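Everything numeric in this text was worked out from a predicted model, so none of it was measured. Residue numbers begin at 1 in each chain, while the letters A, B, ... track the order of the sequences.
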Amino acid sequence: MNDKKFYVSTPIYYVNDKPHIGHAYTTILADVLARYHRRLNVPTFFLTGTDEHGQKVQKAAEEHHMTPQEQCDSTVVRFQELWKKLDISNDDFIRTTNPNHQRVVREILQDLYDRDLIYKAEYEGHYCVPCERFFTGKDLEEGELCPECHRPTARIMESNYFFRMSNYQQWLIDYIETHPGFIQPAFRANETLGFLKQPLGDLCISRPKSRLAWGIELPFDADYVCYVWFDALINYISGIGYRTDEAKFRQWWPVSYHLIGKDILTTHTVYWPTMLKAIGLEMPQAIFAHGWWLTGREKMSKSRGNVVNPMAMCDKYGVDAFRYFLLAEMPLGQDASFTEDAFVGRYNSDLANDLGNLLSRVVKMTLRQTDGVIPAPEAYGDDEKELVAEIDQAVAELPRLLDEMKLNRGLETVMQAVRAGNRYLEKTAPWSLAKKGETGKLHTVLYCSAELLRKAGTLLHPVMPHKMTELLTALGLSGEAAANPAIAALKNGENVLSGKKMRDSGALFLRIQPAVPEVPAASAPTEKTSAAPAKASAPARSEAPAPVGVITIDEFFRTQLKTARVLTAERVKGADKLLRLQIEVGEETRQLVAGVAQYYTPEQMVGKTIVIVANLKPAKIRGIESQGMLLAAKHDGALKLVTVDGDMPSGVTIG
RNA sequence: UGCGGGGUGGAGCAGUGGUAGCUCGUCAGGCUCAUAACCUGAAGGCCGUUGGUUCGAUUCCAGCCCCCGCUACCA
């Protein structure tokens, strides 16, 4: 990375969204990077903010009888409060409704328009009047129905403004290929190149006010507002003074890292670079897409109700531990899963057992042996040299791992040194040195342990600002040395601790008692003579191992199979594999879409008794709702319906 | 269906053309300064599968299988 300055951005979050762990993760990641660079004496600028234009804000405002701006003002605080709570140290918070930002967007639009990089064109689309929305042909359901409300749409001609993005397709491909590290991780660059294999169209950058009024008005046509993405991306330059404070802008641009989630890759690796190219600005140094947090195996989503609320996690376990967990647990660019179990496990082993407990050991021992005053060391032996080497390796490697965005690895090297600290105490056994009266050696051990903690605390400070300040304070440091410890100074190797007086402030990270599963009363063995009860003393996890692919009868009966009679059948227009069926299931009539058109004609289907899955979640296929699934056997290009052997009424349960 | 990601000891992950490593968990032992913590040792892996390149592949190449995400004329 550029060693003269560091500018990091998060996406600007849609103000109407409710903050979730994804927002929190990106922002914490940016915060930690920013704090590290500040501690390494690199001038740093950290920008985050909110995207405040668009349909949803307009709609929400109407519902709440507010102006859109009032709506934004009332919701933006949700982000601002969360960032405060999560100790986010952003240097500025940009809102796209900020007048400066709007002015910059308009100036850029005008400039591109003047240079013929934006042009007006007419095209045909489909408009749904009740929804007030415009759709292209491929968005529509069968029969040109609106995908939102399923009502007929009207074919209309509409004019819009387009940015000549296609001009830059080849240039962008070349740029990505010749700049490894521009898009990270590397496989995301490949993904973008894959996207660029297809012809790149021009980007529609306007919306007619008749459809959407809440946006930045085009300077050259008052009937339109700017497309939200075009508006939003510009925050990255308007937020650091582009066209308003050139000196500031020149200081920070190009950005060191645009941090994004993998879901907004294309906008950042295609739209944004081509926009910058057209504007005539340097490319970002790096665009980094991280993965998603999953719970269990599923993607986190509101509809599944498994969202982990970052606010709640902080209240329960503390901000610092939460920040540590997010960074330690997510490997480079991959998805990771968030479970409370994993959180508690890592908290206990890394923070409580290894780091917190080491601090307790050292503080209590020093208080007892030297009244808390950190002694001066004598000559180092092999154990000391080994210990110093361990932590110095972390000091040396952390900046490198930071540049490679391997934050989790960086934290791991520090934790390794902490574990070495526990080992060191075991080996040198200061408690027996004290008994034997080997004071010199004892002082060396106490000093070296404290020094190890000071270095580890300094290295971890950007991740856990509060807790590490607490740790440094316990070691007797105060002022800047505790509040803003300089990583850059660790290399000097001076003795800053001897003579300082330690303070016992209690457990740094209290162990969390994991929820212990209920143990059957009879199983607690009193003697560990036989092997079998020993197993029982470790309560098994709830799921008993079952042979792969085998299900229980209960699991089978979750699927409700029923007979059904086909009443009508017709082909689905525009689809050559699908039939739309009306079926009778007992009293009930249902609609079903079946992929059997290549094997059965509609006429053959009518009157047949078939077997269906009756409790399948309804789904839309080609826009038509299918309320169940019929069973059929398919083999070597042949397909035969499953039916019953003889007469049966419809709606009969099978099992 | 198409595109992308991934398959390494019980779990989560590193890693390299040449004796396969870490954390957690399990088992045995040790210590007592400490937050029932800490330390030592052990068990446990044909590094998804098949074929190729190579003196040698977990690592390179090709095919296949499985899992995940988006997508789809799957339901």
Rounded distance (Å) that lies between atom C1' of B:A75 and atom CG of A:L631: 10 Å
Pairwise C1' distance for B:G15 and B:C47, with rounding to whole Å: 10 Å
A:Y424 OH to B:A34 C1', straight-line distance once rounded to whole Å: 17 Å
Sugar-phosphate, base or nothing in reach of A:G506, heavy atoms under 4.0 Å: nothing
Residue whose closest nucleotide on RNA chain B lies nearer the 5' end, A:S626 versus A:S360: A:S360
B:C22 versus B:G18 - spacing of their C1' atoms, nearest Å: 22 Å
Between A:R361 and A:N422, a side-chain donor and acceptor under 3.5 Å: yes
P-based separation of B:C67 from B:U1 [nearest Å]: 13 Å
Minimum-distance nucleotide to A:R511 side chain [options: B:C33, B:A37, B:A75]: B:A37
Presence of A:K364 side-chain N/O under 4.0 Å of B:U35 phosphate oxygens OP1/OP2: yes
Sugar-phosphate, base or nothing in reach of A:N422, heavy atoms under 4.0 Å: sugar-phosphate
Same-atom distance (C1') from B:G44 to B:G21, integer angstrom: 14 Å
Distance between P atoms of B:U8 and B:C60 (Å, rounded): 16 Å
Closest to the A:R368 side chain, choosing from B:C33, B:U35, B:A75: B:C33
Side-chain donor or acceptor of A:Y347 paired with backbone N/O of A:Y324 under 3.5 Å: no
Per A:R419 side chain, nearest of listed nucleotides B:C33, B:C39, B:A37: B:C39
Out of B:U35, B:C38, B:G15, whichever nucleotide has its closest atom nearest the side chain of A:R409: B:G15
Main-chain N/O of A:L196 paired to A:Q169 side chain as donor or acceptor, under 3.5 Å: yes
Spacing between A:L592 atom CG and B:A75 atom P, to the nearest angstrom: 9 Å
Length of the OH-C1' vector between A:Y600 and B:C73, whole Å: 19 Å
Rounded distance (Å) that lies between atom C1' of B:U35 and atom CG of A:N348: 10 Å
Closest-nucleotide ordering on RNA chain B, the 5'-leading residue of A:G356 and A:K262: A:G356
Check: A:E340/A:Y317 side-chain N/O donor and acceptor closer than 3.5 Å: yes
Whole-angstrom distance between B:A20 and B:C24, as gauged at atom P: 22 Å
Out of B:C33, B:U35, B:A75, whichever nucleotide has its closest atom nearest the side chain of A:W431: B:C33
Counterpart base for B:G4, defined by Watson-Crick or G-U wobble contacts under 3.5 Å: B:C68
Paired nucleotide for B:C22 [Watson-Crick or G-U wobble; both distances under 3.5 Å]: B:G12
A:K577 side-chain proximity, nearest of B:C73, B:C33, B:U35: B:C73
Interatomic distance, A:E412 CD vs B:C24 C1' [rounded to whole Å]: 11 Å
Partner nucleotide, any strand, of B:A34 [Watson-Crick/G-U, under 3.5 Å]: none
Complementary nucleotide for B:U40 - Watson-Crick or wobble, under 3.5 Å: B:A28
Polar contact flag, side-chain donor to acceptor under 3.5 angstrom, A:Y424-A:E390: no
Donor + acceptor pair across side chains of A:E584, A:S650 (<3.5 Å): yes
Sugar-phosphate, base or nothing in reach of A:V362, heavy atoms under 4.0 Å: nothing
Ion pair check, A:E378 and A:K441, cut-off under 4.0 Å: no
Interatomic distance where CE belongs to A:M405 and P belongs to B:A14 [whole Å]: 15 Å
Base paired to B:A57 (Watson-Crick or G-U; both N/O distances under 3.5 angstrom): none
Below 4.0 Å: OP1/OP2 of B:C38 and any side-chain N or O of A:N353: yes
Sugar-phosphate only, base, or nothing, as touched by A:D354 at under 4.0 Å among non-hydrogen atoms: sugar-phosphate
Identified pairing partner of B:G45, criterion: Watson-Crick or G-U wobble below 3.5 Å: none
Sugar-phosphate only, base, or nothing, as touched by A:L359 at under 4.0 Å among non-hydrogen atoms: nothing
Sugar-phosphate, base or nothing in reach of A:A597, heavy atoms under 4.0 Å: nothing
Separation of the P atoms in B:G7 and B:U49, to the nearest angstrom: 13 Å
Separation of the P atoms in B:U58 and B:G48, to the nearest angstrom: 9 Å
Minimum-distance nucleotide (side-chain atoms of A:L578 versus B:G15, B:C73, B:A34): B:C73
Centroid-centroid under 6.0 Å between A:H258 and A:F288 rings: no
Nearest-angstrom distance from the residue atom CD1 of A:I264 to P of B:G69: 20 Å
